Amino acid sequence: MNRYQGKDISGCAITGIMDKSGKRFSGKTIIDSIAIMHERSNGLGGGFAAYGIYPDFSDYYAFHLIYDLEKAKDITEDYLKKNFLIKKSEPIPIHKIKEIKSPFCLWRYFLKPKSEKIIFMSEEDFIVKCVMYINVQIEGVFVASSGKNMGIFKGVGYPEDIGVFFRLEEYKGYLWTAHGRFPTNSVAWWGGAHPFGLIDWSLVHNGEISSYGINKRFLANYGYICSFFTDTEAIIYLFDLLVRKHKLTYEIVADILSAPFWEDIDRKSEKKGEILKTLRIIYASALLNGPFSIIAANTNFMVALNDRVKLRPLVASTFKDKLYIASEESAIREVCNTPDKVWKPKAGEPVIGRLKE
Amino acid sequence: MAKQVILSEFIIERDDKKCIICEVCVRMCSNSVHSCETNSDVVLSDNKKCFGCHFCEALCPTSAITIKYNPSEYKPNANWGTQIMKDITKQAETGGMLLTGMGCDKSYPIYWDHILLNAAQVTNPAIDPLREPMELRTYIGKKADKIELNYSKGKVKLKTILSPQLKVEIPVLFSGMSYGSISLNACKSLARAAFKIGTFYNTGEGGLHKDFYKYGANTIVQLASGRFGVQPEYLSVGAAIEIKIGQGAKPGIGGHLPGEKVSEKISETRMIPAGTDALSPAPHHDVYSIEDLSQLIFSLKEATRYKKPVGVKISAVHNVAPIASGIVRAGADYIAIDGLRGGTGVRLRL
């Protein structure tokens, strides 16, 4: 649970790199990519999501916890012990650097749910429940990430400094996303930094969701409690609901989150129009309004999406097996100077990168 | 003991210097307030009969008449104010229930009036509202929890079939106002306005005049405890059917249209004899529980072959949320929640 109130609204830099063949590469690349967009953030938040970094513990849920209050650690660990088998518990390694002031305790756990806890619900639902419990019920701690073979590293500072702070050049992953934050009206705190995570989901976001209130109420009906006071959190829960629970494809999810306008739907063929209309009727409250560009990722996918009229920048590029997505083309050229293809995705049109089997 | 006098509410002031004794006030007043003896050079007015319609004042060619509120005061008392004293006296004198029109006449707060809708700065920093598009189209009706789709050979097919929905181009619906409580022309202007802006008007409990069947696609037909004008064509001509359980201005009490107002046309529309009082019972006599309501909802759905949404209107009373939730579970496609200002006709005075 966090002690900072008020909705977070931000304008930022985002970037994502995926090797679709699953080949792992060092975190240095993504740090270089986000660093070139220094001007897009203001030092009040930066973070990274990395997939494939814990191959030795790939069967365990890696919980990255950020402790805000000392007393929270004992309470949280009691809770974890009750619900999980703890394979490993250790501090997240850091470099002490002057740019990052960390009054927090940063800890990671490799966990497996106790078998009696998942008799009546799926493993993923149980993880979601535990993450919600820790974030909402225990004061002074929040879960940065909770997926298998992945982790989220984030905090208050410029993203390139956060990357050094968390020693990301020492990790190797096949999918990385990064975020530099420029909040415009909320307290900068470690929980409010991006990426946001839930199970193996991570999300980075540039822009703002003016539909946050209705999205939050919609999600509450499905058991998702928004507790970080930021719109980004709502988007990641929507992805989890629509993709994992409702089993929809990313193309359909894009038609829900960045739905086409009614006047465009009215012009579509009857069959296509009926699907789009039904989607908008059922998922009316999941529509995201306001300017945004986002990159969502999970174990197998990296997906980028713009708002309905493209009010925030988004560029995509491919080079061999790699897919690059960023706020600015410079961030791609910085780490890949001979891309095969560079394009600017249209409003509401998703860019989907899928890990090869 | 002598009967206590009911004080007149209004005072009629006549400037005799201006009065030309044209007697238009005498002829036009429906309560015979004014009178003039043959060959008399003065028109008399009885304040007690006046209830302040200002008709005479408006018609007077020389502006000789002014209608004023009677400022007569009772002995000050915080609990027993002038209005209460007058009402008690009036009720005791007449034995009738005191009525008032146009919803609750007390100054209770209306939250709606304090909502300001302004799209100027929905994002921060403010962006041009014309660049962030606003869409108003709304669908009213039962929604599925999730969509079911069939994917085959790269094609997507819809499996979920939604129950009937009401499409509104602007999310403002007209409240129920019956023919009888308002005139035929007023009904017509509501119907035409609803048609023009792509929303719905509501017949209230007074039935639907045959001339308005052509506006059926923009009409919600209501079924209240009096069942006035309810017949198969009425149910099938509207876009949706609304069961009125409660009205915000008079929760738990039915409508009351005095016989004087029941003209030939109204009689035909309501399917009652002309000149009879149209009194709606407080409850529906076939709905004494949520189970009964559920049966009524499904009777209406059966009668219209499940082609129309069936909604339920309830008053915004204490505990309205679980009531609404129960009604949705009983099969209603939508719920209309009515505030205390709603009421064109009569309500009992609080």
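The model shown is predicted, which means the values in this text are computed figures rather than measured ones.
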How long is the span from the [atom1] atom in [X] to the [atom2] atom in [Y], to the nearest 0.5 Å?
| X | Y | atom1 | atom2 | value |
| --- | --- | --- | --- | --- |
| Ile140(B) | Ile281(A) | CD1 | CD1 | 11.5 Å |
| Tyr283(A) | Lys143(B) | OH | NZ | 13.5 Å |
| Thr138(B) | Trp262(A) | OG1 | CH2 | 9.0 Å |
| Asp266(A) | Arg137(B) | CG | CZ | 4.0 Å |

Against chain B, label [X] side chain, backbone, both or neither, depending on which of its atoms sit under 4.5 Å from a heavy atom there.
| X | value |
| --- | --- |
| Leu248(A) | both |
| Phe261(A) | both |
| Leu279(A) | both |
| Lys277(A) | side chain |

Please indicate whether [X] has more than 12 foreign heavy atoms, meaning atoms of other residues, nucleotides or ligands, lying under 6.0 Å from its [atom1].
| X | atom1 | result |
| --- | --- | --- |
| His318(B) | NE2 | no |
| Lys20(A) | NZ | yes |
| Phe195(B) | CZ | no |
| Ile115(B) | CD1 | yes |
| Tyr288(B) | OH | yes |

Which one wins on heavy-atom pair count under 4.5 Å against chain B: [options]?
| options | value |
| --- | --- |
| Lys271(A), Arg308(A), Lys272(A) | Arg308(A) |
| Glu274(A), Arg280(A), Lys247(A) | Arg280(A) |
| Leu287(A), Thr249(A), Leu241(A) | Thr249(A) |

Donor-acceptor check, side chain of Tyr139(B) to backbone of Thr278(A), threshold 3.5 angstrom: yes or no?
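Absent.
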For Gln165(B), is it the side chain, the backbone, both, or neither that has a heavy atom closer than 4.5 Å to a heavy atom of chain A?
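Gln165(B) touches chain A through side-chain heavy atoms alone.
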With a 4.5 angstrom heavy-atom cut-off, is it the side chain or the backbone of Ile147(B) that approaches chain A, or both, or neither?
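Both backbone and side chain.
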For the student: nearest non-hydrogen atoms of Tyr151(B) and Ile252(A), plus distance
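Shortest heavy-atom contact: OH-CG1, 3.8 Å.
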Under a 4.5 Å cutoff for heavy-atom pairs, which residue among Leu158(B), Thr160(B), Leu149(B) has the most contacts with chain A?
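Most heavy-atom pairs within the cutoff with chain A belong to Leu158(B).
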